[in-house]
Amino acid sequence: MKSNAAAAAAFHEIADLLDVLGEKFKPEAYRRAARSIESLTEDLGAVAARDQLREIPGVGQAIEEKIREFLRDGTIPYLEKLRAEIPAGVVAMMRVEGLGPKTARKFWTDLGVESPNALLEAIDAGRLAGVKGFGPVKIAKIRTALGAAASSQSRRPLLQAALVAEQIVATLKERSPVTQIEIAGSFRRRRETVGDLDILVTSSEPEKVLDAFAALEGATIVLRGPTKETIRTRDGLQVDLRVLAPESFGAALQYFTGSKDHNVATRSLARDRGLKINEYFVVRGEERLPSSTEAEIYRSIGLPWIPPEIREARGEIEAARAGTLPVLLEPGDLVAELHLHVRPSDGAAELAALARSAGDAGLRTLGLIPGSHEEFDRLVAWAHGRSSPSIRVGWERPYGAELPKFSTAPAFHVLSANGLEPPAQADSEPLDPGSWVGHFGSDPDTPAGPERLAAWSRWAVAAKCPLELTPSPGYDGLDAVSARRLVEGGGAVVVSELGVGPERPRALAVGTARRAWITRSSVLNAAAWPGP
DNA sequence: GCCGTTTTCGGCCCGACTGTTTTCAGTCG
């Protein structure tokens, strides 16, 4: 496998192994290159063929050579050497909560402990007692973390995190004196998966907010200081809360939204202007510049405000500087929801309510998908002549499956990839007009990997077939990197929030579209789309 | 290992928090 994702994985692994060796700056250098490669909208092989690997941020001479080795042989000798030197379990130990490279290395070299399991045995055998730096509290914590490491997943799908986030924000607003509240981090950037939630608040009574946060149902307190508190929810999601002074809110929001690479770039711009940006203020010498809003932070470095979804150091700083930031898709740009499944039990009253919600949400067209032939006919009859919104009845079937005979042709076709790879030939399958492909994962819990999504977007460019974005990027819908690849190639997307009721304001599918630098002109169901 | 409209060498974010250590090291974000 010589995909971008596989190359990135190799560099991430090199970084982890170098961490164990105690290298100070190399791991970050390899990680930076890995992140750049992950967000590349082109195949690494194509970039190498043009001899432009060095243009990838974070790729210099040494990493360019390793990329070429990888593309040629599928392996990197340097990585092989490191693997031979360091047991894989030591990296796994480093991953355990509260353990880092120093500790993992110490256990390995001083105690001969080479894996999390071996560490557990060593603790039970009392071999950690008396080791310098490891008191009873720390040992107990490690023991707990070892138990948790096996069961808790690290990152979870965006949608799942959104449900938790909404709940927590609503509760804090209701039960504590918060003035401003915002979720920062990768959730705000609408990454496909979220590792933790970073909640920022301002309040005149911080203690009360911290208390309310600690009292959230099912919460376990991980740590609590005067300005910062961390809990773990019942299902294992870590949530950080930071209480800030209002004059620092913009600086903190910018700082904790990231991404890391974006912040490195903004800080370097600040340095060029004789400024420093930290999580509290923009500082010129001793002077604190206004830092209560993000716009002020960006203004101080001569930039317009940059939408959080594209803060990934993938050209947004340059675009902001040149005044060419894209006008990203907004929820209000969507004039149609084209992916709404109708339940067999939905009678005329329920359908009318759906239509009303859609109209209330500002939609001009609602696309309904029945589950059976009979329902199809019933819906077509019901939909006839309706307007504001007008109703279209479509059909969903696995990609490649034959379309059943209908008395009236479906208005649109959702073709489910269902975990399959795209056909090798773009034109192997004649597509009905009004077709697009979605459901890339094999089931709701299994995401399609970046390789498969990239393959579908390559296919879609050639086949001139739109692909679907949903609230579960990488799972049922396209991820942002592949979506950007698709529209850069001239392709289009259908943005489906999969609902018209209260869940619609979440706009997670729109978030993914924004992350992919998508403007409304590439969106089939947005106002400005030139038409099929 | 990467990077450079102040540097091709010398930087690379740094503050909060915890446990243990009596002044700090490690982790985390």
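Reminder, nothing fancy here: chain letters follow the sequence lines and each chain counts from 1. For clarity, every value in this text was computed on a predicted model and none was experimentally measured. Values reported hereafter were calculated over all heavy atoms of this structure, with side chains retained and with hydrogens, waters and symmetry mates removed.
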(message) Tell me whether A/Asp73 contacts the main-chain N or O of A/Thr75 through its side chain, where contact means a donor paired with an acceptor under 3.5 Å.
(response)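 Between the backbone of A/Thr75 and the side chain of A/Asp73 there is no qualifying donor-acceptor contact (under 3.5 Å).
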(message) Between A/Ser203 and A/Glu205 (side chain of the first, backbone of the second, donor and acceptor by atom type, cut-off under 3.5 Å), is there such a pair?
(response)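 Confirmed, A/Ser203 side chain pairs with A/Glu205 backbone.
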(request) Would you mind calling B/dT7 syn or anti? Take O4'-C1'-N9-C4 for purines or O4'-C1'-N1-C2 for pyrimidines, and syn is within 90° of 0. (result)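 This nucleotide is in syn.
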So what does [X] touch, heavy atoms closer than 4.0 Å: a base, only the sugar-phosphate, or nothing?
{"X": "A/Glu28", "answer": "nothing"}
{"X": "A/Lys141", "answer": "sugar-phosphate"}
{"X": "A/Asn263", "answer": "nothing"}
{"X": "A/Leu99", "answer": "sugar-phosphate"}
{"X": "A/Glu65", "answer": "nothing"}

(message) Which residues pass the side chain to side chain donor-acceptor pair (under 3.5 Å) test with A/Ser292, not counting sequence neighbours?
(response)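 So A/Ser292 forms a side chain to side chain donor-acceptor pair (under 3.5 Å) with A/Glu296.
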(request) Tell me, please, whether A/Phe70 has A/Arg72 positioned over its six-membered ring: NZ or CZ under 6.0 Å from the ring centre and within 45 degrees of its axis? (result)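 No, A/Arg72 does not lie over the aromatic ring of A/Phe70.
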Rounded distance in Å - [atom1] ([X]) to [atom2] ([N]):
{"X": "A/Tyr78", "N": "B/dG1", "atom1": "OH", "atom2": "C1'", "answer": "9 Å"}
{"X": "A/Glu55", "N": "B/dC2", "atom1": "CD", "atom2": "P", "answer": "15 Å"}
{"X": "A/Glu64", "N": "B/dC3", "atom1": "CD", "atom2": "C1'", "answer": "15 Å"}
{"X": "A/Lys138", "N": "B/dC24", "atom1": "NZ", "atom2": "P", "answer": "16 Å"}
{"X": "A/Lys132", "N": "B/dT22", "atom1": "NZ", "atom2": "C1'", "answer": "14 Å"}
{"X": "A/Asp240", "N": "B/dC28", "atom1": "CG", "atom2": "P", "answer": "12 Å"}
{"X": "A/Glu97", "N": "B/dC28", "atom1": "CD", "atom2": "C1'", "answer": "9 Å"}
{"X": "A/His12", "N": "B/dG1", "atom1": "NE2", "atom2": "P", "answer": "17 Å"}

Please determine whether a side-chain nitrogen of the Lys or Arg among [X] and [Y] lies less than 4.0 Å from a carboxylate oxygen of the Asp or Glu.
{"X": "A/Arg485", "Y": "A/Asp479", "value": "no"}
{"X": "A/Asp16", "Y": "A/Arg95", "value": "yes"}
{"X": "A/Glu309", "Y": "A/Arg190", "value": "no"}

(request) Please determine, for B/dT8, whether a Watson-Crick or G-U wobble partner exists with both distances under 3.5 Å, and give it or none. (result)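 Pairing partner: none.
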(request) On DNA chain B, check which nucleotide each of A/Leu223 and A/Tyr30 is closest to and give me the residue with the more 5' one. (result)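 In this pair, the answer is A/Tyr30.
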(request) Heavy atoms under 4.0 Å is the rule here; annotate nucleotides 8-16 of chain B 5' to 3' with B where the base is hit, S where only the sugar-phosphate is, and - elsewhere. (result) ----BBSSS
[N] versus [M] - spacing of their [atom1] atoms, nearest Å:
{"N": "B/dA16", "M": "B/dT20", "atom1": "P", "value": "22 Å"}
{"N": "B/dT18", "M": "B/dT23", "atom1": "C1'", "value": "15 Å"}
{"N": "B/dG15", "M": "B/dG10", "atom1": "P", "value": "25 Å"}
{"N": "B/dT6", "M": "B/dG1", "atom1": "C1'", "value": "23 Å"}
{"N": "B/dC13", "M": "B/dT27", "atom1": "C1'", "value": "15 Å"}

(message) Tell me whether the side-chain N/O atoms of A/Gln238 come closer than 4.0 Å to OP1 or OP2 in B/dG29.
(response)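 For A/Gln238, the contact criterion (side-chain N or O under 4.0 Å from OP1 or OP2 of B/dG29) is met.
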(message) Suppose we screen for side chain to side chain contact (heavy atoms under 4.5 Å, CB included). Which residues come up paired with A/Arg321, at least two apart in sequence or across chains?
(response)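 Listed in chain order: A/Leu269, A/Leu303.
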(message) With a sphere of 6.0 Å drawn around CD of A/Glu247, does it hold more than 12 non-hydrogen atoms of other residues, nucleotides or ligands?
(response)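 Enclosed: over 12 neighbouring heavy atoms sit under 6.0 Å from CD of A/Glu247.
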(message) Is a donor from one side chain sitting under 3.5 angstrom from an acceptor on the other, for A/Glu488 and A/Thr41?
(response)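 Per modelled atom types, A/Glu488 and A/Thr41 side chains form a pair under 3.5 Å.
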(message) Between A/Ser186 and A/Arg191, is there a side-chain donor-acceptor contact under 3.5 Å, judged purely by atom types and distance?
(response)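 There is no such pair between these side chains.
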(request) Output, in order, the C-alpha distance, side-chain angles, deciding distance and verdict of side chain to side chain donor-acceptor pair (under 3.5 Å) for A/Asn263 and A/Gln254. (result) CA-CA 8 Å; A/Asn263 284 355; A/Gln254 199 282 329; 3.3 Å; yes
(message) Could you work out, with salt bridge (Lys or Arg N to Asp or Glu O under 4.0 Å) as the rule, every residue matching A/Lys228, not counting sequence neighbours?
(response)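 So A/Lys228 forms no salt bridge (Lys or Arg N to Asp or Glu O under 4.0 Å) with any residue.
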(request) Check DNA chain B against residues 178-208 of chain A and give the residues with a non-hydrogen atom under 4.0 Å, in numerical order. (result)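 When residues 178-208 of chain A is checked for heavy atoms under 4.0 Å from DNA chain B, the hits, listed by number, are A/Asp196, A/Asp198.
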(request) Kindly state which residues belonging to residues 100-109 of chain A come within less than 4.0 angstrom of DNA chain B, counting heavy atoms of the residue only, listed by number. (result)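 Hits under 4.0 Å, by residue number: A/Gly100, A/Pro101, A/Lys102, A/Thr103.
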